[in-house]
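Note on naming: letters A, B, ... go to the chains in the order of the sequence lines (proteins, then strands), and numbering restarts at 1 for each one. This is a predicted model, so every value here is computed, not measured.
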Amino acid sequence: MDIRVQSARFDFGAEAGTFAAGHTDAGAVVTFTGIVRRDGGLARMEIEHYPGMTERALEKIAAEAMARFALADCMIVHRHGPMEPGEMIMMVATAARHRADAFAAAEFLMDYLKSRAPFWKKEYDADGAAWVAARDEDEQALGRWSGG
Amino acid sequence: MDIRVQSARFDFGAEAGTFAAGHTDAGAVVTFTGIVRRDGGLARMEIEHYPGMTERALEKIAAEAMARFALADCMIVHRHGPMEPGEMIMMVATAARHRADAFAAAEFLMDYLKSRAPFWKKEYDADGAAWVAARDEDEQALGRWSGG
Amino acid sequence: MIDILYFAWVRERIGLPKERVETSAATVAELVEELKAREDRYAAAFADLSALRVAVDQELADFDAPLAGVREIAFFPPMTGG
Amino acid sequence: MIDILYFAWVRERIGLPKERVETSAATVAELVEELKAREDRYAAAFADLSALRVAVDQELADFDAPLAGVREIAFFPPMTGG
């Protein structure tokens with residue numbers, strides 16, 4: 001379980017390649033990466049976080065994924081601070097024997113990261129700045145894991 | 001839609017990185033890669049395919065994914081021929097505005113690739129060779145898409 | 001004349017990857033019956049149709065698919081890609 | 001003494017990221033009432049508790065969580081990571 005909270009950029013391709021090459025015992029690797037979208041006039045984004053709690057929350061989310069799914073491993077990289085359009089915000093990767101576990105665990109990690117990890121996005125455009133509102137769909141997405 | 005059927009190895013990390021960097025308008029990128037597992041005494045694997053039909057089947061599967069989900073793009077790389085344990089067999093990548101579409105499309109592509117693309121795996125170990133049997137779970141996994 | 005292709009263990013059991021046959025069969029199933037009547041290796045390969053899949057002109061099809069105008073038929077076990 | 005942290009628009013509305021307060025409140029909700037009584041900017045920030053989340057010693061909690069033994073409370077809007 002590799003968990004990183006950082007302001008520095010990361011190389012998604014290199015991270016995904018290294019993760020997959022390190023889990024050739026697993027058979028199935030899923031990755032997700034979130035990108036600052038180049039659209040809608042967005043000039044830049046800034047992500048605030050809660051140092052200390054962030055790391056704890058990510059460790060807890062990753063441990064929960066390992067416990068719920070038949071995973072060989074998982075990783076999370078999440079940035080904070082200022083970002084330009086086109087930059088990668090975060091990534092998760094999961095490795096499992098079967099693809100169903102790798103996919104489910106990656107979606108689980110994302111659903112929890114969206115609504116339960118202490119990050120807050122602020123978007124800046126020509127008109128000013130605005131905190132990104134939480135989406136109802138993201139909160140609802142968590143519901144699908146509560147039966148387990 | 002980048003579809004490749006090849007015997008040559010491919011660099012999963014480089015492909016994933018290039019795909020993500022090329023879809024910074026999308027926001028969400030999901031990848032899956034399948035690896036020849038290093039376990040169970042497997043010495044090597046050989047994948048037979050149906051030249052002509054394979055390309056048609058993959059094009060059709062990818063077009064179907066584009067039509068069903070709000071995708072910006074998708075890609076499929078699938079190898080045939082001999083492979084050693086630890087080598088990447090195939091990968092898919094999907095790019096979408098929202099993660100739900102990117103995840104669903106990647107799972108859809110995988111479910112169809114598993115059971116509807118003309119590839120057949122043969123595994124070689126110390127005792128000889130055996131064709132990999134289709135898994136009931138893979139056939140059942142297709143059922144979840146038939147309502148759409 | 002129609003091209004018949006065999007893949008994976010079907011190819012191994014019949015002993016060749018491809019052959020061209022003259023047939024008056026109206027459907028895939030009738031063609032299978034013709035092949036089974038030829039030799040034991042065909043009878044063995046086609047013994048259990050539920051273990052086989054068929055493609056007609058490179059599209060998955062059913063065993064009752066008609067053969068009129070068809071150029072290429074392929075027989076193979078369930079696919080195991082991905 | 002308890003540390004109170006504010007994030008995102010809660011931080012902006014209250015005008016500071018962190019403060020240390022002396023309180024005899026028994027629960028988070030009571031602490032919120034004390035803060036709201038202080039100044040308008042607190043009253044404005046805490047006007048709608050359904051728009052806020054709270055963490056007690058760096059774990060998500062409810063507003064009725066007890067404060068006994070707690071070192072750090074944080075108030076913030078719903079999270080928007082990923």
Chemist: Side chain, backbone, both or neither: which part of B:H80 has a non-hydrogen atom closer than 4.5 Å to chain C?
Modeler: neither
Chemist: Could you state the interatomic distance from CH2 (B:W131) to CZ (C:F76), rounded to the nearest 0.5 Å?
Modeler: 12.5 Å
Chemist: If you count heavy atoms of other groups shown closer than 6.0 angstrom to CZ of C:R41, is the number above 12?
Modeler: yes
Chemist: For chain B, which candidate among C:A51, C:P78, C:A8 shows the most heavy-atom pairs at distances under 4.5 Å?
Modeler: C:A8
Chemist: So do the side chains of C:L5 and B:Y50 get within less than 4.5 Å of each other, counting heavy atoms only?
Modeler: yes
Chemist: Counting distance only, does the side-chain N/O of B:H78 pair as donor-acceptor with the main-chain N or O of C:G81 below 3.5 Å?
Modeler: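 Not a single qualifying donor-acceptor pair exists.
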Chemist: At a 4.5 Å cut-off on heavy atoms, which part of B:A133 comes close to chain C: side chain, backbone, both, or neither?
Modeler: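 When you check distances to chain C, only backbone atoms of B:A133 fall under 4.5 Å.
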Chemist: Report which part of B:K121 has an atom under 4.5 Å of a heavy atom belonging to chain C: side chain, backbone, both, or neither.
Modeler: both
Chemist: For the CG atom on C:D48, are there more than 12 heavy atoms of other groups (residues, nucleotides or ligands in this structure) within a distance under 6.0 Å?
Modeler: yes
Chemist: Do the side chains of B:E55 and C:Q58 get nearer than 4.5 Å, heavy atoms only?
Modeler: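 No, every pair of side-chain atoms sits at 4.5 Å or beyond.
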Chemist: Which heavy atom of C:T80 sits nearest a heavy atom of B:V132, and at what distance?
Modeler: CG2-O, 3.4 Å
Chemist: Compare all side-chain heavy atoms of B:E48 with those of C:R11 and state whether any distance is below 4.5 angstrom.
Modeler: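 SC-SC contact between B:E48 and C:R11 confirmed.
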Chemist: Is B:R116 in contact with chain C via its backbone, its side chain, both, or neither, using a 4.5 Å heavy-atom distance?
Modeler: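 Both parts, backbone and side chain.
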Chemist: Hey, is CZ on B:R9 packed in by over 12 heavy atoms from elsewhere, all under 6.0 Å?
Modeler: no
Chemist: Distance check, rounded to the nearest 0.5 Å: B:D138 atom CG versus C:M79 atom CE?
Modeler: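 Answer for the CG-CE pair, B:D138 versus C:M79, is 11.5 Å.
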Chemist: Please look at B:I47 and chain C and tell me whether the side chain, the backbone, both or neither of the residue comes under 4.5 angstrom of a heavy atom of that chain.
Modeler: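 No part of B:I47 comes within 4.5 Å of chain C.
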Chemist: Is there a side-chain contact between C:L60 and B:M53, using heavy atoms and a 4.5 Å cut-off?
Modeler: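 Yes, side chains in contact.
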Chemist: Does any non-hydrogen side-chain atom of B:W120 lie less than 4.5 Å from one of C:P77?
Modeler: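 A side-chain contact exists here, since the closest heavy-atom pair is under 4.5 Å.
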Chemist: If you check every heavy atom in residues 14-35 of chain C against those of chain B, which residues fall under 4.5 Å?
Modeler: none
Chemist: Considering residues, nucleotides and ligands other than B:K60, do more than 12 of their heavy atoms fall under 6.0 Å from its NZ?
Modeler: no
